[in-house]
Amino acid sequence: MCPMPSAESTQASAQPAPVAPTHEDQVAAAGSELIGGPLGRRALLGTSWWTPVRVIALVAIGMFALGLVQKAPCYNGGWFFGAGSQYTHACYSDIPHLFTGRGFADGLVPYFDKLPGDMQYLEYPVLTGVFMEVASWLTPGGGSVQDQQQWYWVANAGMLMICAAVIAVCVTRTHARRPWDGLLVALAPAFALTATINWDLLAVALTAAAMLMWSRGRSLAFGVLLGLATAAKLYPFLILGPLLVLCWRAGKWREYGTALAGAAVAWLVVNLPVMLFAFDGWSKFYTFSQERGVDFGSFWLVLAQNSDDPLGTETVNTLAMVLMLLCCAGIAALALTAPRRPRLAQLAFLIIAAFILTNKVYSPQYVLWLVPLAVLARPKWRDFLIWQACEVAYFLGIWMYLAYTTSGDAHKGLPTDGYHWAIGAHLLGTLYLCVMVVRDVLLPDRDPVRRSGEDDPSGGVLDGAEDVFALGRGARPSWPAEDHDGPQVKWGAGRQDDSADPL
């Protein structure tokens, strides 16, 4: 049998046809019956205005619009009349409440002007604060406070819809041969339900754009976008950790240094002016994150509510940090010892999932952080939908629990034990997807992306690169599984003796 081609020769050859999910995914094939069935020989590919990017962007906007409709009971009164209604209708949003609660209705400048009440300054990162301020400029000043809150939510919703479209487009274009995987993002129910709870979509959009830039080999643009994403939400900087280990294994130090420098400069450009002239306001996000106690959605809350002597905040901070460091060490070991260098999206998903699972709070909109990375890491409809079902269960569970706690003696909603089951569903669903990603790393021939013959389409300079450092199994030749019947790509050809190739 002829030796299988190297990664370099595979990339140099003509681009193969895009992967059709309905040909390789049973769930996608079954779902396609709603629109005419799996892709067939009569399909006119590449000859219509309806390209995958345009279709997926429109679907994402449509699903986002359905999410806005789901918030209608709150828009029409639930946010303003009685605390329980916004929970029983599962349509709560921070946006209208913080318009008045964080001084935007009074024209206060975030970070510079003190706020009345217990929260002296805005407790969000600077770029998110800028986003909130821009939305307040778009809010008409006349009418009642309720009218202004409604307009403020509408202004934010319009800006967040743009972010949602950007996310869908970036994910669709990151894996060039798998554009239809973007439908997983566009159709994700938890994505639509949580999109306008808070401002997380800004950081998610910047992170998705950064991943797209890295896949195109543009390390500086990746770094700048990731730095901006970190200026909007803290979690994106964690991706630099897995990237460091992967670049170490592939010897891509220059590209990593460029990305790191770009991220640092971009973050400083946004933060330094506020840091210098309003340090107390700038630091509020970090001190608030450190000082806040155990909160909704975390396994720490389950432990606290079932303990006669719950752990203190400092103890939980320390233990959560230790657990996160252990996860980081495990992911690094996985990256260096895997039989084939893991894909960037796989490790990026694992590190953000580890942060979510070990953190002392899990707000329902945090699922947005994982959706694009989950699609890039494991574009398998069955597993994605299992995870989404768990997240929808948690979304409903937290609002029903809050309805229960705010209904007094009426006890309408979900009691504490029921809420713990909802937390368990979220934890188990996320862990399940993590296990499937780890399995793909350890058994790369089962990876849905690599089964089509690619190495790391979102890896940029890592795609098809040779290993220069690896440990354990990663340092030894690794051959595809004997039962693998799809296209095969050898990576790290410099580590293997082609003449000894048994294929």
Side-chain angles (χ1 to χ4, degrees), residues 57-58 60-81 85-86 89-113 115-116 119 121-170 186 191-209 228-229 231-233 270 274 281 285 363-369:
L58 290 174
I61 292 172
M63 286 293 291
F64 188 95
L66 290 178
L68 300 185
V69 173
Q70 191 267 332
K71 300 294 186 290
C74 283
Y75 181 86
N76 293 325
W79 291 327
F80 316 109
F81 309 112
S85 177
Q86 60 187 334
H89 288 92
C91 55
Y92 174 85
S93 173
D94 287 326
I95 294 173
H97 297 298
L98 295 190
F99 175 69
T100 53
R102 297 300 181 264
F104 294 103
D106 300 321
L108 300 181
V109 179
Y111 311 109
F112 289 86
D113 294 335
L115 303 172
M119 191 67 69
Y121 295 100
L122 183 67
E123 72 279 23
Y124 287 86
V126 172
L127 198 58
T128 296
V130 171
F131 190 95
M132 299 164 75
E133 179 72 0
V134 170
S136 73
W137 297 341
L138 300 175
T139 302
S144 65
V145 173
Q146 178 181 331
D147 291 336
Q148 293 179 35
Q149 287 176 291
Q150 290 173 322
W151 274 110
Y152 185 66
W153 182 79
V154 169
N156 276 281
M159 296 165 66
L160 291 172
M161 180 180 285
I162 296 173
C163 293
V166 168
I167 294 165
V169 169
C170 288
F191 194 99
L193 290 171
T194 62
T196 57
I197 291 178
N198 203 278
W199 293 269
D200 295 67
L201 279 184
L202 173 62
V204 178
L206 290 168
T207 304
L228 293 176
K233 206 76 178 179
V270 173
V274 182
F285 165 71
S363 298
Q365 73 272 10
Y366 289 2
V367 68
L368 298 171
W369 305 357

Nearest 0.5 Å, what's the [atom1]-[atom2] distance between [X] and [Y]?
| X | Y | atom1 | atom2 | result |
| --- | --- | --- | --- | --- |
| Lys233 | Leu127 | NZ | CG | 12.0 Å |
| Leu201 | Ile167 | CG | CD1 | 4.5 Å |
| Gln365 | Thr196 | CD | OG1 | 10.0 Å |
| Thr100 | Leu98 | OG1 | CG | 7.5 Å |
| Ile162 | Leu202 | CD1 | CG | 11.5 Å |
| Met132 | Leu122 | CE | CG | 4.5 Å |

Is the shortest heavy-atom distance from the side chain of [X] to the side chain of [Y] under 4.5 Å?
| X | Y | result |
| --- | --- | --- |
| Ile197 | Pro364 | yes |
| Trp369 | Thr207 | no |
| Val130 | Val270 | no |
| Tyr111 | Glu133 | no |
| Phe285 | Val126 | no |
| Met159 | Trp199 | no |
| Asp113 | Asp106 | no |

(request) Assess whether side chain to side chain contact (heavy atoms under 4.5 Å, CB included) is satisfied between Tyr366 and Thr194, documenting all intermediate values. (result) CA-CA 8 Å; Tyr366 289 2; Thr194 62; over 6 Å; no

Could you pull out the closest heavy-atom pair between [X] and [Y], with the gap in Å?
| X | Y | answer |
| --- | --- | --- |
| Cys91 | Gln70 | CB-O, 3.6 Å |
| Ala155 | Ala135 | CB-O, 3.8 Å |
| Ala164 | Ala60 | O-CB, 4.5 Å |
| Ala208 | Cys170 | O-CB, 3.7 Å |
| Ala232 | Ala203 | CB-CB, 4.0 Å |

(message) Tell me if the CH2 atom of Trp151 is crowded by more than 12 foreign heavy atoms within 6.0 Å.
(response)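 Incorrect, the count does not exceed 12.
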
(message) Is it the case that the side chain of Lys71 and the backbone of Ala90 share a donor-acceptor pair, with hydrogens and angles ignored and the cut-off at 3.5 Å?
(response)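 A pair under 3.5 Å: no.
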
(request) Can you run down the salt bridge (charged side-chain N to carboxylate O under 4.0 Å, His left out) pairs that involve residues 89-102, sequence neighbours left out, and say none if there aren't any? (result)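 Residue pairs with at least one partner in residues 89-102: Arg102-Glu123.
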
(request) Look at the rings of Tyr75 and Trp153 and say which category their plane angle falls in: under 30° parallel, 30 to 60° tilted, over 60° perpendicular. (result)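 Ring orientation, 0 to 90° scale: tilted.
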
(request) Apply the ring pair (Phe, Tyr, Trp, His ring centres under 6.0 Å) test between Phe99 and each candidate in Tyr152, Trp79, Phe80; give the one that qualifies. (result)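 Exactly one candidate clears the test, Tyr152.
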
